[in-house]
Number of protein chains: 4
Amino acid sequence: MANSKYEYVKSFEQPDLLLPNTWIVIRIDGRGFHKFSDKYAFKKPNDRRALDLMNAAAERVLVELPDVVVAYGISDEYSFVLHRSCTLFERRSSKLVTTIVSMFSAYYVHLWPSFFPDSPLTFPLPGFDGRVVQYPTVQNLRDYMSWRQVDCHINNLYNTTFWTLIQQGGMDAKAAEAELAGTLAADKNEILFSRFGMNYNNEPDIYKKGSIVFRGYELVEATTSSPVLNEEALTAPEMALSKTQAEKERKARQKAKIVVQHVDFIKDDFWEQRPWIVSNRPGKIKPEP
Amino acid sequence: MANSKYEYVKSFEQPDLLLPNTWIVIRIDGRGFHKFSDKYAFKKPNDRRALDLMNAAAERVLVELPDVVVAYGISDEYSFVLHRSCTLFERRSSKLVTTIVSMFSAYYVHLWPSFFPDSPLTFPLPGFDGRVVQYPTVQNLRDYMSWRQVDCHINNLYNTTFWTLIQQGGMDAKAAEAELAGTLAADKNEILFSRFGMNYNNEPDIYKKGSIVFRGYELVEATTSSPVLNEEALTAPEMALSKTQAEKERKARQKAKIVVQHVDFIKDDFWEQRPWIVSNRPGKIKPEP
Amino acid sequence: MANSKYEYVKSFEQPDLLLPNTWIVIRIDGRGFHKFSDKYAFKKPNDRRALDLMNAAAERVLVELPDVVVAYGISDEYSFVLHRSCTLFERRSSKLVTTIVSMFSAYYVHLWPSFFPDSPLTFPLPGFDGRVVQYPTVQNLRDYMSWRQVDCHINNLYNTTFWTLIQQGGMDAKAAEAELAGTLAADKNEILFSRFGMNYNNEPDIYKKGSIVFRGYELVEATTSSPVLNEEALTAPEMALSKTQAEKERKARQKAKIVVQHVDFIKDDFWEQRPWIVSNRPGKIKPEP
Amino acid sequence: MANSKYEYVKSFEQPDLLLPNTWIVIRIDGRGFHKFSDKYAFKKPNDRRALDLMNAAAERVLVELPDVVVAYGISDEYSFVLHRSCTLFERRSSKLVTTIVSMFSAYYVHLWPSFFPDSPLTFPLPGFDGRVVQYPTVQNLRDYMSWRQVDCHINNLYNTTFWTLIQQGGMDAKAAEAELAGTLAADKNEILFSRFGMNYNNEPDIYKKGSIVFRGYELVEATTSSPVLNEEALTAPEMALSKTQAEKERKARQKAKIVVQHVDFIKDDFWEQRPWIVSNRPGKIKPEP
């Protein structure tokens with residue numbers, strides 16, 4: 001019984017290779033997490049256990065996929081950045097996005113009991129969808145990251161004020177929403193401070209800044225001729241890496257410790273002190289304290 | 001702090017809509033399952049627990065996604081078929097494939113302890129990747145399905161003989177491989193029968209035929225003018241379904257019981273007796289026995 | 001001087017293969033033909049010379065590309081249909097569309113003096129752009145064709161009435177537009193008939209029906225079990241054609257005379273009498289009269 | 001008669017937007033030009049009339065499409081580069097490539113009699129196909145251009161030697177091919193010089209270097225901090241151009257004179273002296289001599 005009669009169907013599979021030399025962003029989003037967070041009674045406006053679980057799952061993605069140079073998470077979304085020189089799976093779009101979504105989903109479900117020991121998961125299980133976006137330049141990539149971090153800030157300030165009006169101010173959702181309609185950031189800060197004595201700046205950074213995940217080498221001092229600002233200087237040699245060298249660096253990246261921080265990365269400092277994120281060349285391992 | 005300065009990055013997301021009116025096949029494959037099956041000591045040539053776990057995860061996909069009309073699984077792969085009239089997620093390719101991969105991965109990990117109670121999962125967790133293929137006609141779709149079922153047969157006959165030579169014949173892998181080089185199906189049947197007294201036909205159907213998953217309505221008698229063989233007859237009205245009608249049928253599908261069978265679907269009978277798979281119109285609910 | 005240092009740039013070219021077994025429609029449109037038709041004083045509402053030139057260019061496309069089974073033109077647009085079994089250029093989308101656009105443009109410019117002997121072309125020259133659309137079923141393809149022919153009718157009835165109001169009714173464009181706002185087809189017919197004694201039905205078919213171009217075999221009598229209505233019956237054998245047979249039929253098609261007609265093809269008759277268009281199997285050559 | 005029943009077919013048209021902020025290269029190639037050049041007895045190894053005709057057609061493309069910043073032609077191929085900031089036709093791939101192919105084909109056919117006054121075109125007419133490639137960085141784009149110019153050199157040296165062996169050396173094609181098998185550039189130079197007294201360096205630049213077409217502003221002195229080498233410095237402001245400013249610059253480009261040169265552009269000098277090609281900001285108009 002030969003298979004050849006049916007094998008023609010393989011030709012219907014269409015290639016979906018991403019353009020070489022672009023930054024690949026894979027963003028995953030929780031499916032129906034509004035309902036899901038109600039079901040498991042997530043604390044509002046932020047549930048620390050839920051965020052820690054997201055971060056733990058994201059860490060595993062960086063551990064298992066050295067091609068991911070940095071990731072950023074807020075709420076029920078996470079963005080994973082693959083370096084422009086990445087050739088994993090020949091840059092097949094569906095293979096890259098499904099691998100990351102699968103890995104993240106598996107760890108999220110598996111690690112759930114560690115973070116929510118009193119709320120066992122029941123059907124339907126939580127899930128995530130994913131999408132792929134390409135960015136041709138470092139500037140475009142950084143603007144993507146900044147877009148997400150600004151979004152984190154805007155959403156968190158709104159949600160913090162909204163839930164404070166409800167939880168401490170005794171409003172219902174409708175009244176709180178009406179109260180906030182048309183307000184600016186300064187207005188919301190003022191509401192929190194004058195009515196509830198809350199200084200928004202003192203809120204935990206994980207809520208205000210989100211969580212950025214990367215390999216934790218030693219920081220370097222930023223210089224004016226930082227490679228981060230000079231696209232060509234870094235892409236040309238990167239593309240020319242020999243296979244041996246690339247494999248060696250891949251292994252070096254696997255040894256680095258994955259860290260999660262809650263810091264501003266809109267300004268240049270973050271990137272200049274951590275040039276390995278954009279260059280993808282392993283940094284100096286931090287000495288143990 | 002306005003977000004508009006960075007929002008331009010959204011325009012880099014490229015549409016990936018699948019062509020309307022094609023059958024959508026989403027096939028997922030275990031990542032590194034050769035190593036994974038060794039790690040958890042899967043029985044060779046087939047581990048019934050592992051297959052049952054795959055089927056349980058697939059069932060959940062059909063329960064949660066009524067757009068999936070049929071699914072077929074062998075070994076560590078599963079193919080999910082979305083009807084040609086499907087408009088879920090506007091037919092966005094990455095959204096469809098990641099949703100199914102995420103769901104499958106989550107259930108696989110979550111249900112693992114029910115099937116492997118003595119082998120708790122350790123890192124790295126199992127995962128799946130996924131791909132999307134479109135088929136323009138029922139014939140192409142059925143040929144795809146037949147291709148997978150023939151593959152199941154070929155692989156299982158080979159693996160059964162290979163492992164019998166080792167487990168009962170005392171050969172090592174290399175010798176068994178050499179023994180089977182160039183053999184035809186009849187040769188393998190003969191080896192099993194004459195040397196080990198094993199009739200391959202008596203092997204369990206789940207190994208020989210794989211597992212097909214669908215909604216279990218009452219079978220209908222096949223007729224010569226079967227709609228399965230008349231593409232136009234069924235696609236035109238399907239596309240013309242009103243939104244109300246479509247929603248109603250979607251709900252009807254959600255009520256149907258999902259069944260898993262291990263039967264031949266290369267021949268016409270399977271499809272003619274279950275016209276709802278190709279037509280996507282709910283069948284008659286089976287009376288309780 | 002080796003070229004290898006730069007040859008990596010070839011890898012940036014991305015595949016753009018169309019899905020197998022779909023009908024390929026390539027539609028071209030005149031670029032800036034509103035202005036162009038003013039420059040060369042095209043007659044309104046229809047310029048017979050301009051349409052004949054379009055048809056002459058389209059005929060050449062069918063002569064040179066036997067994979068095109070039928071084409072349809074109205075105004076400054078032309079749709080070329082490649083059979084679902086077409087494998088020309090491995091179904092590379094950009095190669096298919098540019099070849100047809102290039103060919104059409106070249107003949108349009110080259111043949112211009114034969115149709116407009118008194119109006120030599122000056123810069124900028126006329127040009128066309130093109131797009132590719134795939135249709136999975138004969139029904140979808142026929143609906144595409146019907147869509148264009150209905151458009152032809154709607155536009156021509158409007159334009160005929162509009163220009164008659166101006167040319168014979170002495171209105172200016174603004175007044176004519178206002179007169180026609182909100183009118184139905186029957187109203188326009190009535191305006192033409194009662195005010196100008198013109199029976200729209202007597203207008204030339206080339207204006208009312210557009211121009212359909214195909215290979216002119218002997219008509220066959222339509223039957224109820226027409227293959228046109230039975231998708232599967234015709235696609236399966238077509239896909240199974242041997243290379244030799246395919247090449248033989250390709251040559252047979254090259255011998256057929258290309259004809260241009262101005263007839264209705266929304267009804268079944270047109271397709272049933274000319275089964276070779278959908279089947280792509282050469283018909284019977286008409287005996288010379 | 002409403003069109004709505006058929007209008008659903010429009011939804012089958014799939015978007016094909018190119019990624020923002022990439023360099024777009026559209027390369028066209030003569031279809032069957034080997035046969036075509038025989039038919040019109042092109043001179044070997046190079047026919048100056050044929051190259052001048054290609055260049056004249058390419059010039060018209062730059063005149064009519066200000067988004068094209070530079071073009072490069074060798075033999076029967078031409079590459080047109082659209083700036084990374086280009087938004088023409090919303091960056092729709094098929095629209096961009098067909099517009100350029102149509103324009104080039106029309107001018108090639110129309111201008112033919114000016115360059116080949118004694119060889120009127122007969123059917124089949126010459127034609128071109130086209131493809132689209134995207135490059136994320138200036139370096140990638142320059143490497144593409146260098147790839148083509150190196151190819152020009154390699155091919156021309158081979159062809160010049162090959163045809164000299166035939167035309168002056170009395171060999172037939174087979175013997176000439178055998179003679180050249182395995183030779184390096186130096187060997188070919190030596191054959192030309194020692195056997196035929198021909199110094200390859202003295203061959204016309206149009207054959208050795210190909211033809212580069214661009215807007216002819218005043219050259220600027222190259223500096224070390226050339227924007228050509230600093231990707232970020234130029235892409236950020238470019239993307240931020242207001243619509244008014246962009247339109248103004250578009251018009252300025254339309255006023256510039258298009259020039260055709262036969263010079264090396266593999267080295268940095270060419271790009272540094274003509275920064276407007278990469279920056280897309282109009283240069284200084286040359287004073288009339």
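Letters A, B, ... are given to chains in the order of the sequence lines, protein chains preceding strands, and every chain is numbered from 1. Note that the structure is a prediction, hence the values are computed from the model and not measured.
Neither the backbone nor the side chain of Leu157(A) comes within less than 4.5 Å of any heavy atom of chain B. Contact annotation for Leu121(A): both backbone and side-chain heavy atoms come within less than 4.5 Å of a heavy atom of chain B. Using a 4.5 Å cut-off between heavy atoms, Glu64(B) contacts chain A through its side chain alone, with no backbone atom that close. For Phe89(B), the part lying under 4.5 angstrom from a heavy atom of chain A is the side chain only.
Here Glu59(B) contributes atom CD and Lys257(B) contributes atom NZ; the two are 7.0 Å apart, rounded to the nearest 0.5 Å.
Of all residues in residues 24-34 of chain A, those placing a non-hydrogen atom less than 4.5 angstrom from a non-hydrogen atom of chain B are Arg27(A), Arg31(A). Interface with chain B: from residues 73-80 of chain A, no residue qualifies, criterion being any non-hydrogen pair under 4.5 Å.
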**Request:** Please lay out, stage by stage, how Lys95(A) and Asp16(A) fare under the test salt bridge (charged side-chain N to carboxylate O under 4.0 Å, His left out).
**Result:** CA-CA 9 Å; Lys95(A) 187 126 180 169; Asp16(A) 64 344; over 6 Å; no
**Message:** One pair to check against side-chain hydrogen bond (donor to acceptor under 3.5 Å, both in side chains): Thr160(A) and Lys188(A). What are the steps and the verdict?
**Reply:** CA-CA 9 Å; Thr160(A) 302; Lys188(A) 297 190 193 74; over 6 Å; no
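Of the candidates Tyr72(A), Tyr144(A), Trp147(A), Phe265(A) forms a ring-ring contact (aromatic ring centres under 6.0 Å, His included) with just one, namely Tyr72(A).
Contact detail for Ser102(A) and Val101(B): the closest heavy-atom pair is CB-CG1, 3.5 Å. When all heavy atoms are compared, the tightest approach of Leu111(B) to Ala56(B) is CD1-CB, 3.9 Å.
Within 6.0 Å of NZ on Lys39(A) lie more than 12 heavy atoms contributed by other residues, nucleotides or ligands.
Under the 4.5 Å side-chain criterion, counting only non-hydrogen atoms from C-beta, Val138(B) is not in contact with Trp271(B).
Per-residue heavy-atom pair counts under 4.5 Å with chain A were compared for Met145(B), Arg60(B), Lys10(B), and the maximum is reached by Arg60(B). Residue with the most contacts toward chain B among Pro126(A), Ala106(A), Ala186(A): Ala106(A) (heavy-atom pairs, distance under 4.5 Å). Heavy-atom pairs under 4.5 Å with chain A were tallied for Asp129(B), Val97(B), Leu184(B); the largest tally goes to Asp129(B). Annotation: maximal heavy-atom pairing with chain A below 4.5 Å, among Gln134(B), Arg131(B), Gln14(B), occurs at Arg131(B). No other option in Asp143(B), Val133(B), Val63(B) has as many heavy-atom pairs under 4.5 Å with chain A as Asp143(B). Interface check for chain B: of the options Leu125(A), Val109(A), Leu96(A), the most heavy-atom pairs under 4.5 Å are formed by Leu125(A). Counting heavy-atom pairs closer than 4.5 Å to chain B, the top residue among Ser93(A), Pro124(A), Gly127(A) is Pro124(A).
Taking the six-membered ring for Trp and thresholds of 30 and 60 degrees, Tyr135(B) and Phe12(A) have ring planes inclined between 30 and 60 degrees apart. By the 30° and 60° cut-offs, the orientation of the rings of Tyr108(A) relative to Phe36(A) is tilted.
Ionic pairing of Asp268(B) and Arg142(B) is present here: one or more N-O contacts between side-chain nitrogen and carboxylate oxygen are shorter than 4.0 angstrom.
With hydrogens and angles disregarded, a donor-acceptor distance shorter than 3.5 Å links the side chain of His83(A) to the backbone of Val278(A). Using modelled atom types, one side-chain atom of Arg91(B) and one backbone atom of Leu19(B) make a donor-acceptor pair closer than 3.5 Å.
You'll find the ring centres of Tyr40(A) and Phe116(A) outside the 6.0 Å limit.
Side-chain atoms of Asn159(A) and Tyr207(A) form no donor-acceptor pair, as typed in the model, at a separation below 3.5 Å.
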